[in-house]
Every structure is written in C-alpha cells, then in structure tokens.
2 protein chains.
Amino acid sequence: MTRPRLEVLAAVHDHPHADTATLLRVVREPLPAVSHQAVYDSLHTLTDAGLVRAIQPAGSATRYEARVGDNHHHVVCRGCGVVADVDCAVGETPCLHPSDAHGFALDEAEVVYWGRCPQCLAATTP
Amino acid sequence: MTRPRLEVLAAVHDHPHADTATLLRVVREPLPAVSHQAVYDSLHTLTDAGLVRAIQPAGSATRYEARVGDNHHHVVCRGCGVVADVDCAVGETPCLHPSDAHGFALDEAEVVYWGRCPQCLAATTP
DNA sequence: CGTCTTGTCTTGACGGATTCAAGACAAGAC
DNA sequence: GTCTTGTCTTGAATCCGTCAAGACAAGACG
Ligand SMILES: [Mn+2]
Ligand SMILES: [Mn+2]
Ligand SMILES: [Zn+2]
Ligand SMILES: [Zn+2]
C-alpha cells in the first residue's frame, strides 16, 4: 500500500460514483505530482483487490465506488448522468438465476435503472 | 429508408449483438463503398426509431440487436465478451420498482449477468 | 423543365478515455 | 552493497466515436 494507492482509495471513499478525471483532480490536492497512469493503475489494483468497484454506465466514463460486497444497484439519469444507489429489492442475489443461462457460470447480476433525476425532471417541465 | 439504412438493418438482424466494426464489415459486402459515418448515422437513426437497440457492456464497444420491445436481458462472458439473450425471469418489467428510486422517473431496468461462457470455461479448466 | 430545398452520404480531421511502452526510482532480499 | 521486484512518471499511441464541410440525389414548387 503506497501513498498514491491510499490517496486514491480515500478519494473513492469520499466521492462515490466519481469518474476517473474527478478522482485524478481530487488525488492531486494532497499529492500534486501524481500521474494519471498511477491513478489508473491504482484503481485497477484496488478493483482487483475488491476494495473498490467499477461501474460503467453507457455514455459515461468509468466510475468507482467504495461500497462493495453488498450487492446494491444503481439508478442513472439519462439527462445529466448522475448515479445514485438503490438497494436490491429482491434480496441478496437478485435475479441471479435467469431462466436460461446458456451454460454460463454466472458470478454477478448487474442492474441499472434508467430514468431522469428530480433536477432534470424539473428542468424540462418548468 | 435508403440503401445504407436497409443494409444496416439487415446486418443487425443477421448478426445479433455485433459491434459496429463487425456491422461495418458486413454492410460492406453488398455495399462496398459505404462510409463508417453512414453506418454510425444509420445505427443512430434506427435506434431512435426503435427498430434496433444498443447495448454497451463494460469493456465492449457498442453492440446492436434487432430484438426490441420484449424486455429481455443479457449474459456477458468476462473472458471473450460474447453476449447471449436471456428472457426476464421475473416477468414483464423486472425489478422496475426498486426500494428507493430517489425521486427518479424510471423508464427501464437493464440487467446484465456476468460470468464465463462454456468455451472460456473449457479453456481455463482443460 | 429548371431551380430550390432538404436530408443523406463521403471524406477527413478531431476528441476523450484508456492503454502501452520505456525508463527512473525506491525498498526489501540476499 | 548489490540485485530484484514492483511501482511510478512520462509521453506516445490506440480505440471508438463524433464533428464539420462539402457533394450528391430526389422531391417540391414555380
Ligand atoms: Mn453505488
Ligand atoms: Mn439481446
Ligand atoms: Zn439528471
Ligand atoms: Zn467466453
């Protein structure tokens, strides 16, 4: 665990669902000389270690969060792209048994709810 | 409905879950001079018209399919990226009512099952 | 007809996000 | 004290998709 990794982990903790560019900016506050590659590497390492989780909604750059292992899902705004957490409505492993898995060995069911956030709703219907 | 659009639509019909590069190659068989931009434009037009659907699994380029309006989901292989259809196990609109939508107006619940396809399973455990 | 308008298509350059590749560096192993 | 290994920096490169400008074709309208 090196300095860049620790700062990246802290940044992800403090800014859930932030994209890489944002995290890079945040990490450079306490650690101005850090390279983008170090941040990318750290994010990959932390992801592989299971300390952070990557989410990649269509139309956004990769986002990261520190809330792992609790099988929660996300709502994404079609307008501004903001992401919020939603707990799984079904239970621990929602829908992890589809009708026909085609012989795949499944390890995750990813659920993304698409819609419009309150702000974007207000902006289009004033 | 112009020639490029028809060929793109046919290509999506014949190659479900193909990415844009593949579709471009397929369309150029009957229509060798078509430009990549025309294919991108056609795919967007067809998507907006609801004739095709775009899916963007993390780690893949955008893929298209002609099976629309039936609320089916996908299994994606972590090894080779292959995509297969799965019918919704829950019903018509699966999980469309999460525990807390944070005031979002939802219109779609997207479900992606992640795992390994039979081929990739066989390759790693010979 | 002849011209105008509109939308699609071609061409080529551009952009953002991520990865690749090479070397510098630092800390622990022996 | 030197070797080894892994991480970090730097800068170029790649991939996917978009932008922008002009060419072109077909229908509308006089
Ligand atoms: Mn989350
Ligand atoms: Mn499908
Ligand atoms: Zn919004
Ligand atoms: Zn596979």
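Computed from a predicted structure; not experimentally measured. Chain letters run A, B, ... following the sequence lines, proteins first, then strands; residues in each count from 1.
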Item to complete: Let me see the working for A:Arg5 and A:Asp41 under salt bridge (charged side-chain N to carboxylate O under 4.0 Å, His left out), right down to the final yes or no.
Response: CA-CA 9 Å; A:Arg5 290 186 180 179; A:Asp41 287 351; over 6 Å; no
Specify the separation, in whole Å, of atom [atom1] of [X] and atom [atom2] of [N].
{"X": "A:Leu31", "N": "D:dC8", "atom1": "CG", "atom2": "P", "result": "10 Å"}
{"X": "B:Arg63", "N": "D:dC16", "atom1": "CZ", "atom2": "P", "result": "11 Å"}
{"X": "B:Glu7", "N": "C:dC9", "atom1": "CD", "atom2": "P", "result": "12 Å"}
{"X": "A:Asp48", "N": "D:dG6", "atom1": "CG", "atom2": "C1'", "result": "15 Å"}
{"X": "A:Arg25", "N": "C:dG16", "atom1": "CZ", "atom2": "C1'", "result": "14 Å"}
{"X": "B:Leu24", "N": "D:dG17", "atom1": "CG", "atom2": "P", "result": "11 Å"}
{"X": "B:Asp41", "N": "D:dC24", "atom1": "CG", "atom2": "C1'", "result": "15 Å"}
{"X": "B:Tyr40", "N": "D:dG17", "atom1": "OH", "atom2": "C1'", "result": "5 Å"}

Worksheet entry | A:His74 ring center within less than 6.0 Å of A:His72 ring center | yes
Discussion item. Checking contacts here: which listed nucleotide (C:dT10, C:dC9, C:dT11) is nearest the side-chain heavy atoms of B:His36?
Written reply: C:dT11
Using a cut-off of 4.0 Å on non-hydrogen atoms, how would the nucleic acid contact of [X] be classed: base, sugar-phosphate, or nothing?
{"X": "A:Thr45", "answer": "nothing"}
{"X": "B:Ser35", "answer": "base"}
{"X": "B:Ala21", "answer": "nothing"}

Quick one: is [X] getting a side-chain N or O under 4.0 Å of the [N] phosphate, OP1 or OP2?
{"X": "A:His44", "N": "C:dT18", "answer": "no"}
{"X": "B:Thr2", "N": "C:dC9", "answer": "yes"}
{"X": "B:Thr62", "N": "D:dG17", "answer": "yes"}
{"X": "A:Thr20", "N": "C:dT18", "answer": "yes"}

Worksheet item: When you check the side-chain N and O atoms of B:Thr22 and B:Asp19, is any donor under 3.5 Å from an acceptor?
Response: yes
Worksheet item: Paired with C:dC14 by Watson-Crick or G-U wobble geometry, both distances under 3.5 Å: which nucleotide is it?
Response: D:dG17
Worksheet item: Does C:dA27 have a Watson-Crick or wobble mate here (both distances under 3.5 Å), and if so which one?
Response: D:dT4
Discussion item. Working to the nearest 0.5 angstrom, can you tell me the gap between A:Ile55 CD1 and A:His73 NE2?
Written reply: 12.0 Å
Worksheet, complete the sentence: Value for CZ (B:Arg25) from NE2 (B:His15), rounded to nearest 0.5 Å, stands at 9.5 Å
